[in-house]
Trainee: 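Pasting a structure below so you can have a look.
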Amino acid sequence: MWQQEFLWFFTIFHQEFRKNNGVAFETLMVLAVAHVFGFYNPKQLADFLEVPHQQFYTVLKEWSVYQVKKMLLRFMVKQAAEKLKPVMSKSAATRSRAGTTLSIDNSVMDRFGKLLRCTWSWYSGRYHKVIRGQDLLGIVFTIHHIAFPVHVLFCPKQGRYHTTKADVLLFMLTQLKTAFLREGIDITQLPLTMDSAYVSQELRERLHQLGFSQIIIAGKGNDVFTIDEKKQDALTWKKELTLESPKWGIDVPSCRLWGYSPTFGSLILFFFRKSTTRSYYLMNFSQRSLRGAEIWHIWKQHHIIECFWKSMKSIFQIRSMQLQGDGLYTALLIKVFAYLLALRLQAQGVFSKLTITEIMRKLRREEDLRDFLVTHFHAPFSIA
C-alpha cells in the first residue's frame with residue numbers, strides 16, 4: 001500500500017517534470033524514498049547500491065535553480081491543496097475547529113563549509129548566540145495538528161532585492177497567494193501566526209493590502225506600550241499585570257487588554273503564562289478586534305511549525321546533505337519530498353497510529369530497497 005502513495009508524486013507531476021528530464025526526476029525521487037530506509041545523502045545511497053556516487057551528483061546538476069524552486073513550490077502547494085479544499089468549502093467555525101492556520105518561522109542550520117551558499121552569521125535560538133549557518137524561512141499550513149510545508153526559502157544577506165526577512169516573507173506570501181488561486185483556494189482567509197523578529201508597521205499594512213485579515217504575532221520584551229496611561233516596556237508589564245485563571249476557550253492564565261505602541265499604534269495585547277515562571281504576550285495585528293479565546297486558539301497552532309523544523313533536522317537530517325552552490329535548493333527539495341511522502345504514509349490506516357520514526361523502522365524491517373527500485377524505477381544507473 002505504501003508504494004501507491006509514492007506513485008502519487010509520479011502521477012501528479014509526470015507530464016510537468018518528467019517529460020524532458022526523466023532520469024533527473026527519477027533520481028530525485030530515488031533519493032527521497034531512500035530517506036525512509038535511512039540513507040540521507042547521495043553518498044550513503046551510492047555506497048549501499050555499490051555505484052559511483054559521482055553519478056548521482058552529475059544527474060542532480062542538470063536541474064537549474066529555477067526548475068528546482070518551481071518544483072518545490074508546486075509539490076508543497078499541491079499536497080496542501082489536497083487537504084485544504086474540503087475544509088475551505090465549510091464555515092469559518094469548521095475551519096477554526098480544524099486548526100487551519102499559516103504559521104511562519106525561521107530555523108538556523110549551523111554550517112562550517114565555506115563553499116555552501118547562503119551561509120552567513122545568524123542568531124540561533126537553539127544556541128542562544130550568533131552562529132555561522134544557513135537561515136531557512138518557512139511557511140507551513142497546519143490542520144488537525146499536522147504541518148504541511150507550503151513554502152521554504154533560504155534567507156540571503158546580500159543581493160539586489162529581497163534581502164530583508166520582511167521582504168522575503170512578502171515575496172513568499174505573494175507567490176503562495178497566486179499558486180493557491182490556481183487551485184481555486186484563497187489562502188488570505190487563513191490566519192497568520194509569526195514571530196516578531198522582522199515585524200513593523202509597514203509589514204502590517206502590506207499584509208493587509210495583500211488580503212490577510214487575521215494576524216497574530218509574538219511580542220518582544222523590549223517593545224514599549226502605554227496601558228492605562230502608564231508607559232513601560234513589555235518585560236515590565238509581564239511582571240506587573242494580574243492574569244486571570246483559565247476560562248472557556250483559554251486553558252492558560254491570561255489577560256486581554258488594549259495598549260498603545262509608538263511603533264504599531266493602538267492594538268490588542270494578549271498576555272499569558274505557559275508555566276509557573278514564564279509569561280509571554282501576543283499582538284493582534286488583525287483588521288478587527290478578536291476575543292481572547294480566538295487569539296489563543298489561533299496561536300496554539302504555532303508550535304507545530306517548530307515540530308516541523310525538528311523533524312527536518314532530527315528525522316530527515318537536513319544538515320547531512322551539503323550540496324554546494326545552487327545545489328542547496330536541490331537538497332532542500334529532496335528533504336521536503338521525503339517529509340511529504342512520510343505524511344502520506346502516516347495518513348494510511350496501517351500507519352495511522354505510528355510516528356514517522358516508527359513508520360521508517362517498520363518499512364526498513366519489512367521492505368527491501370533494492371527490490372523497490374527495480375520495480376518502480378527505470379533510470380539507466382545500475383542498482384545491481
Trainee: When you measure from the side chain of Glu294 to the backbone N and O of Arg291, does any donor-acceptor pair fall under 3.5 Å?
Mentor: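 Yes.
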
Trainee: Any donor and acceptor pair, going by atom type alone, linking the side chain of Gln214 with main-chain N or O of Leu190 inside 3.5 Å?
Mentor: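 Not confirmed, Gln214 side chain does not pair with Leu190 backbone.
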
Trainee: Please examine the side chains of Arg206 and Leu169, heavy atoms only from C-beta on, and report whether any two atoms are closer than 4.5 Å.
Mentor: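 Result no, sub-4.5 Å side-chain heavy-atom pair not found.
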
Trainee: Can the ring centroids of Phe48 and Phe39 be said to lie less than 6.0 angstrom from one another?
Mentor: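 Distance test on ring centres: under 6.0 Å, yes.
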
Trainee: Would you compute the distance between atom CD1 of Ile216 and atom NE2 of His302 and round it to the nearest 0.5 angstrom?
Mentor: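 Nearest 0.5 Å value for the CD1-NE2 distance: 12.0 Å.
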
Trainee: Give a yes or no on whether the backbone of Lys90 and the side-chain of Thr94 come within a donor-acceptor separation of less than 3.5 Å.
Mentor: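 Here the side-chain-to-backbone pair does not exist.
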
Trainee: Between Thr178 (side chain) and Thr174 (backbone), is there a donor-acceptor pair under 3.5 Å?
Mentor: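 Side chain of Thr178 to backbone of Thr174: a pair is present.
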
Trainee: Would you check if the distance from the ring center of Phe148 to the ring center of Phe308 is below 6.0 Å?
Mentor: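 Between Phe308 and Phe148, which both carry aromatic rings, the centre distance is not below 6.0 Å.
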
Trainee: Between Thr193 and Thr101, does any side-chain donor sit less than 3.5 Å from a side-chain acceptor?
Mentor: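 No - no donor-acceptor pair under 3.5 Å links their side chains.
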
Trainee: So Glu306 and Asp105, do their side chains get closer than 4.5 Å, heavy atoms only?
Mentor: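 They are in side-chain contact.
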
Trainee: Pick one: which of Phe272, Tyr280, Phe271 meets ring-ring contact (aromatic ring centres under 6.0 Å, His included) with Trp296?
Mentor: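 Of the listed residues Phe272, Tyr280, Phe271, the ring-ring contact (aromatic ring centres under 6.0 Å, His included) partner of Trp296 is Phe272.
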
Trainee: Under a 3.5 Å cutoff, is there a donor and acceptor pairing between the side chains of Ser107 and Lys313?
Mentor: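 Yes, Lys313 and Ser107 have a side-chain donor paired with an acceptor closer than 3.5 Å.
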
Trainee: Of the non-hydrogen atoms in Ser89 and Pro86, which two are nearest, and what is the gap between them?
Mentor: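 Nearest pair, atom of Ser89 first, then Pro86: OG-O, 2.9 Å.
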
Trainee: Is the backbone of Gly99 close enough, under 3.5 Å, to the side chain of Thr142 for a donor and an acceptor to pair up by distance?
Mentor: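 Such a contact is found between Thr142 side chain and Gly99 backbone.
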
Trainee: Are Phe75 and Phe337 close enough that their ring centres sit under 6.0 Å apart?
Mentor: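 Between Phe75 and Phe337, the centre distance is under 6.0 Å.
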
Trainee: Give a yes or no on whether Ile139 and Met194 share a hydrophobic cluster (residues Ile, Leu, Val, Met, Phe, Trp, Tyr; joining criterion: side-chain heavy atoms under 4.5 Å apart).
Mentor: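 Yes, Ile139 and Met194 fall within the same hydrophobic cluster.
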
Trainee: Check the side chains of Asp233 and Asn222 for a donor-acceptor pair under 3.5 angstrom, ignoring hydrogens and angles.
Mentor: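 Judged by distance alone, the side chains do not pair up.
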
Trainee: What is the ring orientation for Tyr57 with His53, classed by angle as parallel under 30°, tilted 30 to 60°, or perpendicular over 60°?
Mentor: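 Rings of Tyr57 and His53: perpendicular, over 60°.
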
Trainee: Do the non-hydrogen side-chain atoms of Leu345 and Leu363 ever get within less than 4.5 Å of each other?
Mentor: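 Leu345 vs Leu363: side chains touch.
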
Trainee: So that I know where these two stand, are Tyr281 and Phe225 an aromatic pair - ring centroids less than 6.0 Å apart?
Mentor: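 Centroid distance Tyr281-Phe225: below 6.0 Å, so yes.
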
Trainee: How many angstroms lie between atom CG of Leu73 and atom CG of Leu176, to the nearest 0.5 angstrom?
Mentor: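 Taking CG in Leu73 and CG in Leu176, the distance rounds to 6.0 Å.
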
Trainee: Group every Ile, Leu, Val, Met, Phe, Trp and Tyr by side-chain heavy-atom contacts under 4.5 Å, then state whether Trp299 and Leu207 land in the same group.
Mentor: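 No, Trp299 and Leu207 fall in different hydrophobic clusters.
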
Trainee: Give me the ring orientation class for Phe316 and His35: parallel if the planes are under 30° apart, tilted from 30 to 60°, perpendicular past 60°.
Mentor: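 Tilted.
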
Trainee: Is there a side-chain contact between Thr188 and Phe180 (heavy atoms, below 4.5 Å)?
Mentor: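 No - every pair of side-chain heavy atoms lies 4.5 Å or more apart.
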
Trainee: Mind checking whether Leu290 and Phe285 sit in one hydrophobic cluster, side chains of I, L, V, M, F, W, Y counted as touching below 4.5 Å?
Mentor: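 Unlinked, Leu290 and Phe285 end up in two clusters.
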
Trainee: Sub-3.5 Å donor-acceptor pair from the side chain of Ser320 to the main-chain atoms of Tyr40, do we have one?
Mentor: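 Flag set: sc Ser320 to bb Tyr40 pair under 3.5 Å.
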
Trainee: Quick check against the 3.5 Å criterion: does Ser64 have a side-chain atom that pairs as donor or acceptor with the backbone of Gln67?
Mentor: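 Pair found, side chain donor or acceptor close to backbone of Gln67.
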
Trainee: Would you please say whether a donor-acceptor pair under 3.5 Å links the side chains of Gln232 and Glu240?
Mentor: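 Yes.
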
Trainee: Looking at Arg361, I'd like to know if its CZ atom is crowded, meaning that more than 12 non-hydrogen atoms belonging to other residues, nucleotides or ligands lie closer than 6.0 Å.
Mentor: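 Counting other residues, nucleotides and ligands, CZ of Arg361 stays at 12 neighbours or fewer.
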
Trainee: Is the Phe372 to Phe37 ring centre distance short of 6.0 Å?
Mentor: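 No, the ring centres sit 6.0 Å or more apart.
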
Trainee: State, yes or no, whether a side-chain contact exists between Leu137 and His151 at a heavy-atom distance under 4.5 Å.
Mentor: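 Heavy-atom side-chain distance check fails, nothing below 4.5 Å.
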
Trainee: Does Asp371, at its CG atom, have more than 12 non-hydrogen atoms belonging to other residues, nucleotides or ligands within less than 6.0 Å?
Mentor: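 Counting other residues, nucleotides and ligands, CG of Asp371 exceeds 12 neighbours.
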
Trainee: Tell me if a side-chain donor or acceptor on Ser261 pairs with a main-chain N or O of Thr263 at a distance below 3.5 Å.
Mentor: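 Answer holds: yes.
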
Trainee: Report yes if some heavy atom in the side chain of Arg256 is under 4.5 Å from a heavy atom in the side chain of Glu244; otherwise report no.
Mentor: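 They are not in contact (no side-chain heavy atoms under 4.5 Å apart), so the answer is no.
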
Trainee: Are Leu181 and Leu170 co-members of a hydrophobic cluster defined by side-chain heavy atoms under 4.5 Å apart?
Mentor: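 Per the 4.5 Å side-chain linkage, Leu170 and Leu181 are not co-clustered.
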
Trainee: I want to check something: taking the side chain as every heavy atom from C-beta on, are Val150 and Gln175 in contact at a cut-off of under 4.5 Å?
Mentor: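 Side-chain contact under 4.5 Å: no.
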
Trainee: I'd like to check Met109 versus Phe154 (side-chain heavy atoms, cut-off strictly below 4.5 Å). Are they in contact?
Mentor: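 Yes, their side chains come closer than 4.5 Å.
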
Trainee: Side chain of Lys231, backbone of Thr226: donor and acceptor closer than 3.5 Å?
Mentor: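 No; zero donor-acceptor contacts below 3.5 Å.
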
Trainee: Does atom CD (Glu366) have a neighbourhood of more than 12 heavy atoms from anything else shown, all under 6.0 Å?
Mentor: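 Enclosed.
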
Trainee: Under 3.5 Å, side chain of Lys335 to main-chain N/O of Gln317, donor-acceptor pair present?
Mentor: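 Yes: the side chain of Lys335 pairs with the backbone of Gln317.
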
Trainee: So Glu183 and Lys78, salt bridge (charged side-chain N to carboxylate O under 4.0 Å, His left out) or not? Walk me through it.
Mentor: CA-CA 8 Å; Glu183 302 289 336; Lys78 200 75 177 181; 3.6 Å; yes

Trainee: How close do Pro149 and Tyr339 get, heavy atom to heavy atom, and via which atoms?
Mentor: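 It is CD-CE2, 3.4 Å.
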
Trainee: With rounding to the nearest 0.5 angstrom, report the NZ to CD1 distance, Lys177 to Ile185.
Mentor: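 Lys177 atom NZ to Ile185 atom CD1 measures 14.5 Å (nearest 0.5 Å).
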
Trainee: Do Ile295 and Leu243 sit in the same hydrophobic cluster, where Ile, Leu, Val, Met, Phe, Trp and Tyr count as joined when their side-chain heavy atoms come under 4.5 Å apart?
Mentor: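 In one cluster with Ile295: Leu243, no.
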
